[in-house]
Amino acid sequence: MKKPFHFAESLLNWYKNNARTLPFRNEVSPYAIWISEVILQQTRVNQGLEYYRRFMARFPNIKSLAESTEEEVLKIWQGLGYYSRARNLHEAAQQIMSLYHGQMPSSYQELKKIKGIGPYTAAAISSIAFQEVIPAIDGNAKRVFSRFLGINTPVNTSSGSVLIEKAAFSFIDPFQPGNFNQAVMELGAMICTPKRPSCTNCPLLSECIAYKENQIEYIPLKVKKHVVKERSIFYFVFYSKAEDTVQLIMHQRTRNDIWKGLYDFPSLEFNEAMNVQKVIESEILKQQFPYVKFAELQSINGPLKHILTHRILWLHFSVYELSVMPHIENKNHTIYTLHEVLGLPLPRPIEIFLKEFMGKTILV
DNA sequence: AAAACGGGGGC
DNA sequence: GCCCCAGTTTT
């Protein structure tokens with residue numbers, strides 16, 4: 001007598017025997033769950049693990065996070081990307097201190113009101129930390145459910161999302177929703193992968209429609225491909241050397257743009273095509289940095305190409321040694337010693353530039 | 001509904 | 001070079 005197939009039972013049995021041991025698994029603290037979920041947004045587990053450890057060591061609870069500065073949080077986040085996550089975590093911690101007496105709210109609905117907690121993260125926290133029966137639907141879940149049911153509606157459309165959500169609600173285990181959600185994601189990460197999934201090891205193989213109909217490589221279907229736009233940024237690295245200390249003029253990015261909150265150098269960006277020579281000769285440069293003798297501005301060989309998901313950045317660096325640091329009028333420009341600069345939250349390419357290029361230029 | 005937001009790793 | 005990752009916010 002063959003036992004009827006049961007999605008949650010098969011999946012959870014597989015999960016029990018095959019789950020990776022991760023530092024936030026079996027974690028009961030809602031705070032720890034929250035931090036791990038935010039770190040793992042659009043981030044592979046392996047990339048996020050060390051950040052999770054450092055973050056929890058530096059900010060062990062909501063209070064310590066709320067009482068830190070945004071810059072301290074960004075510094076821990078440096079290199080992980082999507083910096084709004086760090087800024088939102090900091091703001092959210094203060095929100096929780098003032099509005100929820102320092103306790104994480106437990107329900108999906110309340111959690112979703114918190115900065116940086118969207119539908120996925122609210123469902124993950126409420127199900128894992130508080131056993132609320134609600135599916136946490138991330139990229140893994142969309143892939144697992146769409147393949148299992150042979151859903152060929154694009155998963156990144158609202159109608160596709162509705163289908164996936166209905167499926168997830170119909171399969172979720174009401175007695176262990178947190179484990180169920182984690183099991184779906186684990187399956188998506190380890191077995192039901194985007195490319196070359198390991199179907200022969202899948203506990204759901206016998207009932208998988210996409211597998212049965214040979215549609216694995218076409219599901220999940222997605223619409224659109226973003227066009228990768230290019231931007232050129234011209235950086236001006238002003239520094240001075242006095243005895244043993246090097247000072248630089250740094251710029252904090254405050255606009256709703258890439259790297260908000262992080263520090264780079266004073267810069268110019270144009271809509272039309274420019275080259276370094278034209279920029280150096282431009283009037284706007286002279287207006288912005290009147291203390292520079294432009295003839296002595298040295299451009300560093302070739303722009304640095306920095307590739308992001310939706311952008312290609314061409315970063316042009318020009319360096320200029322000042323005999324004395326000028327008085328700065330721009331509110332976003334500040335003078336720091338090189339030592340201080342290395343303690344600021346820096347975009348990856350700025351960090352690389354400082355370590356690889358300025359190291360030679362300044363220290364020679 | 002679409003665009004913006006990082007950085008890294010797999011193939 | 002392309003894909004996409006335990007997504008959210010802004011436009």
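Naming: A, B, ... by sequence-line order, numbering from 1 per chain.
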Asker: Within the 4.0 Å heavy-atom criterion, would you say Leu22(A) contacts the bases, only the backbone, or no part of the nucleic acid?
Answerer: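 Base: the residue Leu22(A), judged by heavy atoms under 4.0 Å, touches a nucleobase.
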
Asker: Sticking with atom P, work out how far dA4(B) lies from dA6(C), rounded to a whole angstrom.
Answerer: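 Roughly 24 Å separates the two P atoms.
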
Asker: With the threshold set at 4.0 Å, does a side-chain nitrogen-carboxylate oxygen contact exist between Glu110(A) and Lys113(A)?
Answerer: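 Here Glu110(A) pairs with Lys113(A) in a salt bridge, since their nearest N and O are under 4.0 Å apart.
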
Asker: Looking across every strand, which nucleic acid part, if any, lies under 4.0 Å from Gly118(A) by heavy atom: base, sugar-phosphate, or nothing?
Answerer: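 Sugar-phosphate contact only - Gly118(A) comes under 4.0 Å of backbone atoms but never of a base.
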
Asker: Among dA1(B), dA6(C), dG6(B), which is the nearest nucleotide to the side chain of Ser158(A)?
Answerer: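 For the Ser158(A) side chain, the nearest candidate turns out to be dA1(B).
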
Asker: Could you tell me whether Thr121(A) contacts a base, only the sugar-phosphate backbone, or nothing, with contacts defined as non-hydrogen atoms closer than 4.0 Å?
Answerer: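 Answer is sugar-phosphate: Thr121(A) comes under 4.0 Å of backbone atoms only.
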
Asker: Are OP1 or OP2 of dC5(B) and a side-chain N or O of Arg311(A) less than 4.0 angstrom apart?
Answerer: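 It does, given that an N or O in the side chain of Arg311(A) lies less than 4.0 Å from OP1 or OP2 of dC5(B).
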
Asker: Taking CG from Leu80(A) and P from dG9(B), how many angstroms apart are they, rounded to a whole number?
Answerer: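 Computing the Leu80(A):CG to dG9(B):P distance gives 12 Å.
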
Asker: Rounded to the nearest angstrom, tell me the gap between atom CG in Leu49(A) and atom C1' in dG8(B).
Answerer: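 After rounding, the gap between these two atoms is 14 Å.
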
Asker: Tell me: CD1 of Ile312(A) to C1' of dG1(C), nearest whole Å?
Answerer: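 After rounding, the gap between these two atoms is 10 Å.
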
Asker: Quick one: label Thr43(A) by what it contacts on the DNA or RNA (base, sugar-phosphate, nothing), any heavy atom closer than 4.0 Å.
Answerer: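 Touches a base.
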
Asker: From dA4(B), dA6(C), dG6(B), pick the nucleotide closest to the side chain of Arg85(A)?
Answerer: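 Taking heavy atoms from C-beta onward, the closest nucleotide is dG6(B).
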
Asker: Is there a side-chain contact between Trp259(A) and the phosphate of dG7(B), meaning an N or O under 4.0 Å from OP1 or OP2?
Answerer: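 Answer is yes, contact under 4.0 Å.
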
Asker: With P as the reference atom in both, quote the distance from dG8(B) to dT9(C) in angstrom, rounded to an integer.
Answerer: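 Here dG8(B) and dT9(C) have their P atoms 24 Å from each other.
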
Asker: Any donor-acceptor pair under 3.5 Å joining the side chain of Arg44(A) to the base of dC4(C)?
Answerer: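 By the distance-only test, yes, there is a pair.
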
Asker: For a quick check, tell me whether the side chain of Thr309(A) and the base of dG7(B) share a donor-acceptor pair closer than 3.5 Å.
Answerer: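 Between dG7(B) and Thr309(A), which were checked side chain against base, a qualifying N/O pair under 3.5 Å is present.
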
Asker: How would you label the contact of Gly79(A) with the nucleic acid (heavy atoms, under 4.0 Å): base, sugar-phosphate, or nothing?
Answerer: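 Here Gly79(A) touches the backbone only, sparing every base.
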
Asker: Base, sugar-phosphate, or nothing for Asp257(A), non-hydrogen atoms under 4.0 angstrom?
Answerer: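 Sugar-phosphate, no base atom in range.
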
Asker: Could you give the OH-to-C1' distance, from Tyr83(A) to dT8(C), as a whole number of Å?
Answerer: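 Rounded to the whole Å, the gap is 17 Å.
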
Asker: Is it true that Arg143(A) and Asp138(A) make a salt bridge, defined as a side-chain N closer than 4.0 Å to a carboxylate O?
Answerer: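 Result for this pair is no, no salt bridge flagged.
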
Asker: Would you say dT10(C) has OP1 or OP2 under 4.0 Å from some side-chain N or O of Asn256(A)?
Answerer: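 Checking dT10(C) against Asn256(A), no side-chain N or O comes under 4.0 Å of OP1 or OP2.
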
Asker: Which part of the nucleic acid, if any, lies within reach of Tyr52(A) when heavy atoms closer than 4.0 Å are counted: base, sugar-phosphate only, or nothing?
Answerer: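 Counting heavy atoms under 4.0 Å across all strands, no contact is made by Tyr52(A).
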
Asker: Scan Arg196(A) against the nucleic acid and name what it touches under 4.0 Å (heavy atoms): base, sugar-phosphate only, or nothing.
Answerer: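 Contact class for Arg196(A): none.
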
Asker: Phe130(A) and side-chain contact (heavy atoms from CB on, under 4.5 Å): which partner among Pro105(A), Pro30(A), Ser107(A)?
Answerer: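 Testing Phe130(A) for a side-chain contact (heavy atoms from CB on, under 4.5 Å) against Pro105(A), Pro30(A), Ser107(A) leaves exactly one candidate, Pro30(A).
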
Asker: Is Lys115(A) touching bases, backbone alone, or none of the nucleic acid, heavy atoms closer than 4.0 Å?
Answerer: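 Sugar-phosphate, backbone atoms only, no base.
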
Asker: For Lys112(A), report the nucleic acid contact type (base, sugar-phosphate, nothing); a contact means any heavy atom under 4.0 Å.
Answerer: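 Here Lys112(A) touches no strand at all.
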
Asker: So, OP1 or OP2 of dC2(C): does either fall under 4.0 Å of a side-chain N or O from Lys195(A)?
Answerer: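 No, no such contact exists.
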
Asker: Taking only side-chain N and O atoms of Arg143(A), does any of them lie within less than 4.0 angstrom of OP1 or OP2 on dC5(C)?
Answerer: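 Yes, such a contact exists.
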
Asker: Strictly below 4.0 Å: does Gln42(A) bring a side-chain N or O up to OP1 or OP2 of dG7(C)?
Answerer: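 Answer yes for this pair, as a side-chain N or O of Gln42(A) is under 4.0 Å from OP1 or OP2.
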
Asker: Taking the six-membered ring for Trp, are the ring centroids of Phe148(A) and Phe171(A) within less than 6.0 Å of each other?
Answerer: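 Between Phe148(A) and Phe171(A), the centre distance is under 6.0 Å.
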
Asker: Salt-bridge test for Arg25(A) and Glu186(A): reply yes if a basic N is under 4.0 Å from a carboxylate O, no otherwise.
Answerer: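 Here Arg25(A) pairs with Glu186(A) in a salt bridge, since their nearest N and O are under 4.0 Å apart.
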
Asker: Compare side-chain N and O positions of His310(A) against OP1 and OP2 of dA4(B) and report whether any pair is under 4.0 Å apart.
Answerer: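 Result: no.
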
Asker: Just the rounded figure in Å: distance from P of dA4(B) to CD1 of Ile258(A).
Answerer: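 Rounded to the whole Å, the gap is 12 Å.
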
Asker: Using whole Å, report how far CD1 of Ile117(A) lies from C1' of dG7(C).
Answerer: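 From Ile117(A) CD1 to dG7(C) C1': 12 Å.
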
Asker: Regarding Arg87(A), tell me which of base, sugar-phosphate or nothing describes its non-hydrogen contacts under 4.0 Å with the strands shown.
Answerer: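 Since no nucleic acid heavy atom lies under 4.0 Å of Arg87(A), the category is nothing.
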
Asker: Quick one: Lys260(A) NZ to dT9(C) P, roughly how many Å, whole number?
Answerer: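 So the two atoms are 13 Å apart, to the nearest Å.
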
Asker: With no angle test and no hydrogens, is the base of dG6(B) tied to the side chain of Tyr82(A) by a donor-acceptor pair under 3.5 Å?
Answerer: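 When only heavy-atom distances are counted, Tyr82(A) does reach the base of dG6(B) through a donor-acceptor pair under 3.5 Å.
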
Asker: I'd like to know whether Gln277(A) forms a side-chain hydrogen bond (donor to acceptor under 3.5 Å, both in side chains) with Glu281(A), so could you lay out the CA-CA distance, the side-chain angles of the two residues, the decisive distance to 0.1 Å, and finally the verdict.
Answerer: CA-CA 6 Å; Gln277(A) 199 52 42; Glu281(A) 291 164 0; 3.2 Å; yes

Asker: Grab the CG-C1' distance between Asn46(A) and dG10(B) for me, whole Å please.
Answerer: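 After rounding, the gap between these two atoms is 12 Å.
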
Asker: Do Glu351(A) and Lys355(A) meet the salt-bridge criterion of a basic N to acidic O distance under 4.0 Å?
Answerer: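 Counted as a salt bridge, because a side-chain N and a carboxylate O are separated by less than 4.0 Å.
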
